[in-house]
Amino acid sequence: MAGQLVVRVHLDWTDPGHYDRDRSLPCRICTTATRMRDGRGEACHQSCAEDEIARELLGAGRAQIADERVPAVSWSVVNERLATAGGPR
């Protein structure tokens, strides 16, 4: 059975520093105009920043899962090895 890795990110942008009431600039991700600013002061929608972080976390999680130290063995291989060894002990 294949597992599913889900990442959800919600940033708290209630601080007034995340909003520029004087100037609308293109979002650094989607290029649509926004008055929102990320933590570095760059124009960015909150949802775009959340999606970007979620994608990064998802990629890092998949890399960790794919980098298992124990090689994956299918049940058919296990059953075959048990059968040739005389069954479970």
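Below, each value reflects all heavy atoms present in this structure, side chains not excepted, and no hydrogens, waters or symmetry copies.
Contacts of Glu52 classified as salt bridge (Lys or Arg N to Asp or Glu O under 4.0 Å), with partners at least two apart in sequence or in another chain: Arg28. Taking Arg8 as the reference, nothing meets the salt bridge (Lys or Arg N to Asp or Glu O under 4.0 Å) condition, with sequence neighbours excluded.
Taken to the nearest 0.5 Å, the NE2 atom of His10 stands 5.5 Å off from the CD atom of Gln46. Atom CG of residue Leu25 and atom SG of residue Cys44 lie 12.0 Å apart, to the nearest 0.5 angstrom.
Annotation for Met36 and Trp13: closest pair CE-CE3, 3.4 Å, computed over non-hydrogen atoms. Heavy-atom minimum distance, His45 versus Ala33: NE2-O, 3.5 Å.
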Check against side-chain contact (heavy atoms from CB on, under 4.5 Å), Asp51 and Ile29:
CA-CA 10 Å; Asp51 288 347; Ile29 297 172; over 6 Å; no
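Under the side chain to side chain donor-acceptor pair (under 3.5 Å) criterion, the residue pairs touching residues 17-26 are Asp20-Arg37, with sequence neighbours excluded.
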